[in-house]
> 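Below you will find the structure I want to go over with you.
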Amino acid sequence: MLMTDAGPIDLLGEVVGLGDYGKALAYSEEKQWSGRVVYVLTLEGLILSKRALGRPKDLLHLQE
């Protein structure tokens, strides 16, 4: 975890169910946050990742 003035940021080498940065980027959309461009997983990307993780809390989120 990286602590910044804006708060903590988790850094990942890959997103489970999607792959490395390039593959995860394909399931992301560009957003503006505090005057900066950030990439956020799309709903489809989030669902694929949560399904691949298979943790009980993620599977419960998928039902919502």
Side-chain angles (χ1 to χ4, degrees):
M1 182 177 312
L2 175 66
M3 290 302 293
T4 72
D5 292 341
I9 298 175
D10 284 330
L11 303 172
L12 305 172
E14 70 176 61
V15 178
V16 175
L18 301 181
D20 64 16
Y21 178 79
K23 292 176 183 169
L25 194 59
Y27 289 96
S28 300
E29 53 190 29
E30 191 175 290
K31 299 286 185 182
Q32 291 286 326
W33 180 66
S34 295
R36 299 185 188 272
V37 174
V38 296
Y39 294 91
V40 179
L41 284 180
T42 62
L43 182 57
E44 179 185 8
L46 185 61
I47 288 170
L48 287 170
S49 181
K50 285 187 172 286
R51 191 170 286 134
L53 283 166
R55 299 179 301 190
K57 69 178 186 176
D58 293 311
L59 297 176
L60 281 174
H61 291 152
L62 290 174
Q63 293 177 16
E64 296 175 16

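As the structure is a prediction and not an experimental result, all values here were calculated from the model. Numbers for residues simply follow the sequence, beginning at 1.
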> Side-chain heavy atoms under 4.5 Å apart, restricted to Ile/Leu/Val/Met/Phe/Trp/Tyr: what other residues fall into the cluster of I9, or is it alone?
L2, L11

> Just jot down the side-chain contact (heavy atoms from CB on, under 4.5 Å) partners of P8, sequence neighbours excluded, or say none.
M1, M3

> With sequence neighbours excluded, what pairs up with R55 under the side-chain contact (heavy atoms from CB on, under 4.5 Å) test?
L53, K57, D58

> Give every residue pair that meets the salt bridge (charged side-chain N to carboxylate O under 4.0 Å, His left out) criterion with at least one member in residues 4-14, sequence neighbours excluded.
none

> Name the residue from L46, L25, L41 that meets the side-chain contact (heavy atoms from CB on, under 4.5 Å) definition with L18.
L41

> Give every residue pair that meets the side-chain hydrogen bond (donor to acceptor under 3.5 Å, both in side chains) criterion with at least one member in residues 20-29, sequence neighbours excluded.
E29-K31

> Restricting to side-chain contact (heavy atoms from CB on, under 4.5 Å), what partner residues turn up for E30, sequence neighbours left out?
V37, Y39

> If every non-hydrogen atom of V15 is compared with every non-hydrogen atom of A24, which pair is closest and at what distance?
CG2-CB, 3.9 Å

> Sequence neighbours left out, what passes side-chain contact (heavy atoms from CB on, under 4.5 Å) with L62? Give chain and number order.
I47, K50, R51, L59

> Looking at every heavy atom in both G17 and A52, which two are closest together, and how far apart are they?
CA-CB, 3.4 Å

> Hydrophobic clusters join Ile, Leu, Val, Met, Phe, Trp and Tyr when side-chain heavy atoms are under 4.5 Å apart, directly or via other members; which others share one with L60?
none

